Protein chains: 2
Amino acid sequence: MLAGDVKGVAASGKKGLMEIIAATHAGMSTDEFAKIASDWIANAKHPKTGKPYTKMVYQPMLELIDYLKANDFDVYIVSGGGIEFMRPWTEKVYGIPPQNVVGSSIRTKFEEKDGTPVIMRLVEIDFIDDKEGKPLGINSHIGKRPIAAFGNSDGDFQMLQWTTAGGGRRFGLLVHHDDAEREYAYDRNSHIGQLARGLDEGPKLGWTIVSMKNDWSRVYPGND
Amino acid sequence: MLAGDVKGVAASGKKGLMEIIAATHAGMSTDEFAKIASDWIANAKHPKTGKPYTKMVYQPMLELIDYLKANDFDVYIVSGGGIEFMRPWTEKVYGIPPQNVVGSSIRTKFEEKDGTPVIMRLVEIDFIDDKEGKPLGINSHIGKRPIAAFGNSDGDFQMLQWTTAGGGRRFGLLVHHDDAEREYAYDRNSHIGQLARGLDEGPKLGWTIVSMKNDWSRVYPGND
């Protein structure tokens with residue numbers, strides 16, 4: 001990856017990517033890692049737009065979170081991303097506190113370092129919160145089946161399946177990244193965020209497919 | 001265990017017990033298991049007191065939970081018990097919802113059964129929420145270091161250590177089961193719920209040791 005072999009990394013898939021993450025994000029305490037994540041998110045800018053990543057969140061997602069909270073829903077982020085990478089900033093950016101974040105994780109170990117207890121991050125994958133992993137992560141962290149679930153790739157397929165198969169009224173939604181002008185356009189052939197099965201089977205399962213291009217009046221907060 | 005070898009089971013320790021739990025509580029879906037746990041807790045009675053287990057919770061613990069909630073604390077149960085065993089009844093009995101329960105777990109697997117998505121419980125231990133496991137379970141599920149922690153055995157030692165080592169004001173408390181008349185008296189030599197290191201080192205770490213016999217005016221809800 002350091003040699004610029006992005007294609008090789010992409011070809012190794014999510015699992016290869018997780019192995020890289022384990023190797024680069026391990027060997028330190030959880031407190032040290034939280035500081036690195038906080039510092040990074042406070043300073044990093046997207047190479048294409050030049051905006052801070054915290055400003056590249058989706059305006060309709062922020063509005064949806066607010067709407068659900070205003071109607072007494074508990075709202076969780078269930079991401080393929082590292083749970084300890086996201087937790088230091090999801091509250092500020094999304095209004096989602098650490099305990100409402102579900103994500104991928106590496107194994108940890110409790111140790112005493114110079115008499116002080118620390119939790120160390122090990123070079124070993126614990127859980128991949130993607131595809132079949134998402135309903136399992138939800139079951140482990142929340143212990144309840146969601147009433148509504150929202151996604152944007154086939155990594156969310158099983159989460160929506162699990163959600164909408166529950167009794168009573170359920171809601172499943174997939175955002176289709178089809179807006180090359182304001183964001184990106186990709187689906188079936190993308191290495192990251194592939195969306196194919198969702199487009200094919202989602203509508204038959206009663207899920208709503210949202211076109212970013214046609215249905216979103218605004219993509220990012222502020223003026224597009 | 002079926003042959004009555006309780007001593008053998010006790011000698012195998014928490015790990016042996018967890019292996020028995022995995023063998024008897026696996027091979028079914030999470031929904032099926034939740035039903036078994038709900039049915040059991042609704043009907044089972046303690047062999048010594050004849051009371052339902054739901055009435056054998058500690059009155060001071062209920063009062064503490066209410067007091068903390070009234071002061072805007074989020075309250076969690078962090079138990080060595082099985083997370084999916086506890087979740088179906090902790091809300092009714094303790095007012096603690098499923099997402100605020102941390103416990104031991106077995107591995108699960110997402111499957112489609114006759115077209116319906118299910119989460120199956122596998123015969124494999126995933127996580128033991130005891131001793132060093134407790135701070136790790138807290139870190140995984142809550143993602144924040146507690147301000148206060150309450151326990152009653154050396155299985156809680158590291159949780160209190162992790163809690164009280166945090167910055168700012170922290171609180172650690174251990175309940176000493178020393179009331180043979182109203183409950184049980186045990187500590188250093190007990191196979192289950194051993195409390196030795198906590199009694200020796202807790203006070204030096206600033207923890208409060210509570211005597212069930214001397215400090216609790218009431219043990220169970222209702223009249224003792």
Side-chain angles (χ1 to χ4, degrees), chain A residues 29-31 33-34 74 76 83-88 90-91 96-103 105-113 115-122 126-127 131-146 157-167 205, chain B residues 29-31 33-34 74 76 83-88 90-91 96-103 105-113 115-122 126-127 131-146 157-167 205:
Chain A
S29 75
T30 50
D31 286 347
F33 183 73
D74 284 333
Y76 289 77
I83 189 167
E84 301 210 78
F85 168 72
M86 295 183 293
R87 280 173 161 169
T90 52
E91 187 148 26
I96 306 282
Q99 66 270 27
N100 284 25
V101 176
V102 180
S105 55
I106 57 177
R107 284 198 186 279
T108 54
K109 189 175 187 296
F110 181 85
E111 278 180 13
E112 287 189 42
K113 243 183 167 172
T116 304
V118 289
I119 296 178
M120 295 299 292
R121 293 166 58 83
L122 305 178
D126 175 48
F127 180 69
K131 297 192 172 73
E132 292 83 2
K134 287 205 172 188
L136 304 186
I138 289 169
N139 185 60
S140 164
H141 283 262
I142 311 177
K144 291 190 282 198
R145 195 193 292 245
F157 193 91
Q158 287 82 358
M159 174 174 71
L160 267 72
Q161 225 182 348
W162 175 245
T163 299
T164 58
L205 293 164
Chain B
S29 74
T30 50
D31 287 347
F33 183 74
D74 283 333
Y76 290 77
I83 190 168
E84 301 210 79
F85 168 71
M86 295 183 293
R87 279 173 162 169
T90 52
E91 187 148 26
I96 305 282
Q99 66 270 25
N100 284 25
V101 176
V102 180
S105 56
I106 57 177
R107 283 198 187 280
T108 55
K109 188 176 188 297
F110 182 84
E111 278 179 13
E112 288 189 40
K113 242 183 168 172
T116 303
V118 290
I119 297 176
M120 296 299 292
R121 292 166 59 80
L122 306 178
D126 175 49
F127 179 69
K131 296 190 172 73
E132 292 83 1
K134 286 205 174 190
L136 305 186
I138 288 169
N139 186 59
S140 164
H141 282 263
I142 310 176
K144 291 189 282 199
R145 196 193 292 243
F157 192 91
Q158 288 82 358
M159 174 174 71
L160 266 72
Q161 225 182 348
W162 175 243
T163 299
T164 58
L205 293 163

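So you know, we letter chains A, B, ... as the sequences are listed, proteins then strands, and number each from 1. All values derive from a computational prediction rather than experimental measurement.
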> Contact part of A:V101 toward chain B, heavy-atom cut-off under 4.5 Å: side chain, backbone, both or neither?
Replying inline: neither
> At what distance, to the nearest 0.5 angstrom, does CG of B:N139 lie from CZ of A:F110?
Replying inline: 11.5 Å
>> I need the minimum non-hydrogen distance between B:P98 and A:K144, along with the two atoms involved.
In response: CG-CG, 3.8 Å
>> Is there a side chain to side chain contact (heavy atoms under 4.5 Å, CB included) between B:Q99 and A:H141? Walk through the geometry before answering.
In response: CA-CA 6 Å; B:Q99 66 270 25; A:H141 283 262; over 6 Å; no
> Going from CD on B:E112 to CD on A:Q158, what distance comes out if it is rounded to the nearest 0.5 angstrom?
Replying inline: 8.0 Å
> For the candidates B:A34, B:A165, B:S140, B:G133, which exhibits the highest count of non-hydrogen atom pairs separated by less than 4.5 Å from chain A?
Replying inline: B:S140
>> Quick check: do B:D31 and A:R145 have side-chain heavy atoms less than 4.5 Å from each other?
In response: yes
>> Is B:K134 in contact with chain A via its backbone, its side chain, both, or neither, using a 4.5 Å heavy-atom distance?
In response: neither
> Looking at A:D74, A:T108, A:V102, A:I83, which one has more heavy-atom pairs under 4.5 Å with chain B than the rest?
Replying inline: A:T108
>> Using heavy-atom distances under 4.5 Å, tell me whether A:E111 contacts chain B through its side chain, its backbone, both, or neither.
In response: neither
>> Rounded at 0.5 Å granularity, tell me how far OG in A:S105 sits from CG in B:L136.
In response: 11.0 Å
